[in-house]
Amino acid sequence: MAFLDMIRGEFIDIIEWLDDSRDTIVWRFPRHDNEIKMGAQLIVRESQVAVFVNEGQIADAFPPGTFTLQTRNLPVLSTLKGWKYGFDSPFKAEVYFVSTRQFTDFKWGTQNPVMLRDPEFGPVRLRAFGSYSVRVTEPASLLRELAGTDQRFRTEEVEGYLRQMIVGRLAGALGAAQVPVLDLAADQHAMGRRLADILSADLSTVGLDIPTFTIENISFPPEVEQALDKRTQMGLVGDLGQYTRFQAANALENAGGAGEGMGLGMGIAAGQQMAAALGGQPAQQPAHAQQPPPLPQQAPWFLGVGGERRGPFDETGLAAAGLTPDALVWRAGMAQWTPARDVPELAALLHHTPPPLPPA
């Protein structure tokens with residue numbers, strides 16, 4: 001096989017790469033003993049760059065197009081080799097094809113929650129996940145820093161490195177955004193663009209760029225989500241009393257066994273009460289559960305003693321507070337303060353009240 005490869009290398013004078021893997025970033029062109037004939041045809045397609053490496057040193061790079069490998073097209077390599085004009089012998093060099101298209105099959109996610117301080121909820125833990133794309137912008141830097149001499153450098157070899165950088169930058173981006181956690185969903189697109197710019201700046205030293213960065217979801221821990229769900233239910237119901245009746249109705253509705261009949265009846269009653277509270281209509285009570293209405297409440301009394309207002313008192317408390325016929329009294333409905341002896345409703349209390357002591 002080595003002999004056949006050598007013979008084939010003498011006749012094959014076309015250098016090209018047709019990628020059908022969809023996940024290869026760098027591919028090294030196979031040649032017997034890395035020998036390339038002078039005058040060979042180099043075909044570089046769109047979304048590719050061909051990089052020549054001679055004795056471990058990057059010599060030349062070719063953009064998309066078709067090139068005849070001659071000394072005038074290989075200025076750096078010609079200088080390294082010291083060729084003279086018209087030198088037609090083969091030369092030895094490694095050819096790496098670098099794909100410059102976007103690789104869009106990258107996913108990211110937070111393995112551990114990210115701690116964030118929210119103005120409404122205080123410290124909260126968030127999880128997030130999404131997708132992003134990667135593109136090579138500097139093939140030479142990529143070969144030096146990441147790919148090296150790998151014959152086939154795939155996306156899986158750089159995915160872990162990129163994911164660590166993303167998670168490391170995510171906490172700072174969320175904190176710098178200063179957006180309440182409940183409003184993060186509306187800011188996900190803008191935050192993704194900011195993260196793409198930050199990551200692209202960090203990856204420029206290795207020849208990579210992040211054209212798009214998408215945040216698909218930002219979520220709370222399960223216990224926080226349950227608390228938010230309860231808070232939402234309370235907001236829908238109205239107040240705590242109504243929420244309690246709502247919970248009781250649900251519990252009775254789900255009751256089983258011997259208490260199904262009783263639970264159904266009590267659940268209906270609780271539902272009627274809740275509906276009345278929400279709709280402003282009085283609840284219809286079962287006939288056997290009807291109760292008399294509460295007694296009417298009398299307006300409280302106020303007592304004026306020595307220029308000081310005291311009260312409010314009911315009639316019993318008014319007598320105990322030192323009511324005398326000359327004491328001024330008032331309650332809602334009266335035009336002004338009036339001596340107690342002039343108020344018919346207090347006649348019974350004054351009958352049992354001793355007169356004031358004579359002056360000493």
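These numbers were taken from a predicted model, which means no experiment stands behind them.
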For Trp330 and Phe302, take the angle between the two ring planes, folded into 0 to 90°, and tell me which bin it lands in: parallel under 30, tilted 30 to 60, perpendicular over 60.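 The arrangement is tilted - the two ring planes meet at 30° to 60°.
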Using 30° and 60° as the class boundaries, would you call the ring planes of Trp17 and Phe97 parallel, tilted or perpendicular?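 Tilted: the ring planes of Trp17 and Phe97 meet at 30° to 60°.
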Contact check, side chains of [X] and [Y], non-hydrogen atoms, under 4.5 Å:
X      : Y      : answer
Leu146 : Leu208 : yes
Met334 : Trp301 : yes
Val134 : Leu162 : yes
Ser141 : Val206 : no
Glu156 : Asp23  : no
Phe52  : Leu69  : yes
Tyr96  : Leu143 : yes
Lys107 : Phe129 : no

Test your reading of the model: is there a side-chain donor-acceptor pair from [X] to the backbone of [Y], 3.5 Å cut-off?
X      : Y      : value
Asn54  : Gln57  : no
Gln164 : Tyr161 : no
Arg163 : Val158 : no
Ser47  : Arg45  : no

Can you tell me how far apart [atom1] ([X]) and [atom2] ([Y]) are? Round to the nearest 0.5 Å.
X      : Y      : atom1 : atom2 : answer
Ile25  : Thr100 : CD1   : OG1   : 11.5 Å
Arg341 : Leu323 : CZ    : CG    : 11.5 Å
Asp342 : Asp326 : CG    : CG    : 9.5 Å
Phe220 : Arg125 : CZ    : CZ    : 12.0 Å
Leu303 : Trp337 : CG    : CH2   : 7.0 Å
Trp27  : Gln151 : CH2   : CD    : 8.5 Å

Can Gln41 and Thr68 be said to form a side chain to side chain contact (heavy atoms under 4.5 Å, CB included), step by step? CA-CA 5 Å; Gln41 295 293 311; Thr68 300; 2.9 Å; yes
Over 12 foreign heavy atoms within 6.0 Å of CZ, Arg154: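 Enclosed.
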How about CZ on Arg152, more than 12 heavy atoms from neighbouring residues, nucleotides or ligands closer than 6.0 Å, or not?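 Result for CZ/Arg152: enclosed.
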Return all side-chain donor-acceptor pairs below 3.5 angstrom for residues 193-201, not counting sequence neighbours, or 'none' if the list is empty.
{"residue": "Arg194", "atom": "NH2", "partner": "Asp187", "partner atom": "OD2", "Å": "3.1"}
{"residue": "Ser200", "atom": "OG", "partner": "Ala196", "partner atom": "O", "Å": "2.8"}
{"residue": "Ser200", "atom": "OG", "partner": "Asp209", "partner atom": "OD1", "Å": "2.9"}
{"residue": "Ser200", "atom": "OG", "partner": "Ile210", "partner atom": "N", "Å": "3.0"}
{"residue": "Ser200", "atom": "OG", "partner": "Ile210", "partner atom": "O", "Å": "3.3"}

When you look at Ile215 and Trp108, which way does the side chain to side chain contact (heavy atoms under 4.5 Å, CB included) test go after all the steps? CA-CA 9 Å; Ile215 302 176; Trp108 67 272; 4.0 Å; yes
Is it true that the NZ or CZ of Arg101 lies under 6.0 Å from the centre of Phe103's six-membered ring and within 45 degrees of the ring axis?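 Judged by the rule (NZ or CZ under 6.0 Å from the ring centre, within 45° of its axis), Arg101 counts as positioned above Phe103.
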Checking Ile218 against Gln188 for the side chain to side chain contact (heavy atoms under 4.5 Å, CB included) test, could you report, in this order, the C-alpha distance in whole Å, the side-chain angles of both residues, the deciding distance, and whether it holds? CA-CA 9 Å; Ile218 298 178; Gln188 285 181 189; 4.1 Å; yes
From CA spacing to verdict: side chain to side chain donor-acceptor pair (under 3.5 Å), Gln48, Ser99: CA-CA 5 Å; Gln48 293 179 355; Ser99 176; over 6 Å; no
Check Thr104, Thr214, Thr212 against Ser133 for a side-chain hydrogen bond (donor to acceptor under 3.5 Å, both in side chains) and give me the one that passes.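 For Ser133, the side-chain hydrogen bond (donor to acceptor under 3.5 Å, both in side chains) test succeeds with only one of Thr104, Thr214, Thr212, which is Thr212.
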